[in-house]
Amino acid sequence: MRIRLVATTAVAAGTLTTLSAVPAQAAEYSSALKIRGIQYDAPGSDSNRCSGGNTAQEYLTIKNYSRSTTVNLKGYVVKDAAGNKFTFTASHTLQPGDYVKLRGGNGSDSDTNNVVYRDNCNFMWNNDKDTIYVYKPSGSRADVHSYTRSGSDADRNGYITYHG
């Protein structure tokens, strides 16, 4: 957890009166669509070959946390800190409580199997640290999370859960 130091200075006296540690709060967005988890480090040795590689084992799980609203992913954008991005160009609907796994590599998108492929055999997520951004079609941010292997992945299995 990051700690933010907050200092209050008595202006009139010119002295430091308070110094306390306050945890930095993650921004919470009002979007129903949120990052549920990320397999940022595909099991095994990384190989981004389209045939026989393991980029499809790297995935981001996005969930509709609404109790009543269906969300169409068309136009949503997923980015990383380096600016690599994926745009959902086809309609893919998530019923309340439903999720989708955005996988690397090539494959057949399926509402039934809750999967969309990036049709790109390069890995998107860094194995040491990265930031995941999800943007609504309007351009406003739906969710964001940062991770580090050492600070966010206690069991070192390459998977991190957010929002449960």
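Values below: every heavy atom of this structure, side chains too, minus hydrogens, waters and symmetry copies.
With sequence neighbours left out, K74 forms a side chain to side chain contact (heavy atoms under 4.5 Å, CB included) with N72, S91. Qualifying ring pair (Phe, Tyr, Trp, His ring centres under 6.0 Å) partners for F88, counting only residues two or more places apart in sequence or in other chains: F86. Checked against ring pair (Phe, Tyr, Trp, His ring centres under 6.0 Å), Y117 has no partners two or more places apart in sequence or in another chain. The side chain to side chain contact (heavy atoms under 4.5 Å, CB included) check on T161 picks up Y159, with sequence neighbours excluded. Residues that satisfy the ring pair (Phe, Tyr, Trp, His ring centres under 6.0 Å) test with Y133, not counting sequence neighbours, are absent from this structure. Partners of D41 by salt bridge (charged side-chain N to carboxylate O under 4.0 Å, His left out), not counting sequence neighbours, listed by chain and number: R149. With sequence neighbours excluded, no residue forms a salt bridge (charged side-chain N to carboxylate O under 4.0 Å, His left out) with R103.
Residues V78 and Y162 share a single hydrophobic cluster, defined by chaining ILVMFWY side chains whose heavy atoms lie under 4.5 Å apart. By the criterion of side-chain heavy atoms lying less than 4.5 angstrom apart, applied directly or through intervening Ile, Leu, Val, Met, Phe, Trp or Tyr residues, I132 is grouped together with L73 in one hydrophobic cluster.
Sorted pairs that involve residues 125-140 and meet salt bridge (charged side-chain N to carboxylate O under 4.0 Å, His left out), not counting sequence neighbours, are lacking altogether. Residue pairs meeting the ring-ring contact (aromatic ring centres under 6.0 Å, His included) criterion with at least one partner in residues 33-70, sequence neighbours excluded, are Y40-Y147, Y65-H163. Identified under the salt bridge (charged side-chain N to carboxylate O under 4.0 Å, His left out) test for residues 86-96, with sequence neighbours left out: none. Applying the salt bridge (charged side-chain N to carboxylate O under 4.0 Å, His left out) rule to pairs touching residues 108-118 yields E58-R118, sequence neighbours excluded.
Considering all non-hydrogen atoms of both residues, S146 and S152 come closest at O-OG, 4.3 Å.
Side chains of N122 and N48: a donor-acceptor N/O pair is present below 3.5 angstrom, by distance only. Looking only at atom types and distance, the side chain of S51 has no donor-acceptor partner in the side chain of R49 under 3.5 Å away. Side chain to side chain, S140 and S138 meet the donor-acceptor criterion of an N or O pair below 3.5 Å.
Rounded to the nearest 0.5 angstrom, C50 SG and N106 CG are separated by 5.0 Å. Going from atom NE2 of H145 over to atom CZ of R36 covers 12.5 Å, rounded to the nearest 0.5 Å. One finds the CG atom of L94 at 6.0 Å from the CG atom of L33 (value rounded to the nearest 0.5 Å). The distance from atom CD of Q57 to atom CD of Q39, rounded to the nearest 0.5 Å, is 8.0 Å. Between the CG atom of D98 and the CD1 atom of I62 there is a distance of 12.0 Å, given to the nearest 0.5 Å.
Applying side-chain contact (heavy atoms from CB on, under 4.5 Å) to I35 and the options V144, I160, V134 leaves one that passes, V134.
Within 6.0 Å of the CZ atom in R156, the count of heavy atoms belonging to other residues, nucleotides or ligands exceeds 12.
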Checklist entry - Can you list the steps and then say if T93 with V71 is a side chain to side chain contact (heavy atoms under 4.5 Å, CB included)? => result CA-CA 6 Å; T93 56; V71 177; over 6 Å; no
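Judged purely by atom type and a 3.5 angstrom limit, D80 uses its side chain to pair as donor or acceptor with the backbone of A82. Side-chain atoms of S110 come within 3.5 Å of backbone N or O of T112 as a donor-acceptor pair.
Residues V100 and V115 form no side-chain contact, since every pair of their non-hydrogen atoms from C-beta on lies 4.5 Å or further apart. Contact of the D143 side chain with the S31 side chain is not registered, since no non-hydrogen atoms from C-beta on lie closer than 4.5 Å.
Applying the under-4.5 Å side-chain rule to Ile, Leu, Val, Met, Phe, Trp and Tyr, the cluster around F123 consists of that residue alone.
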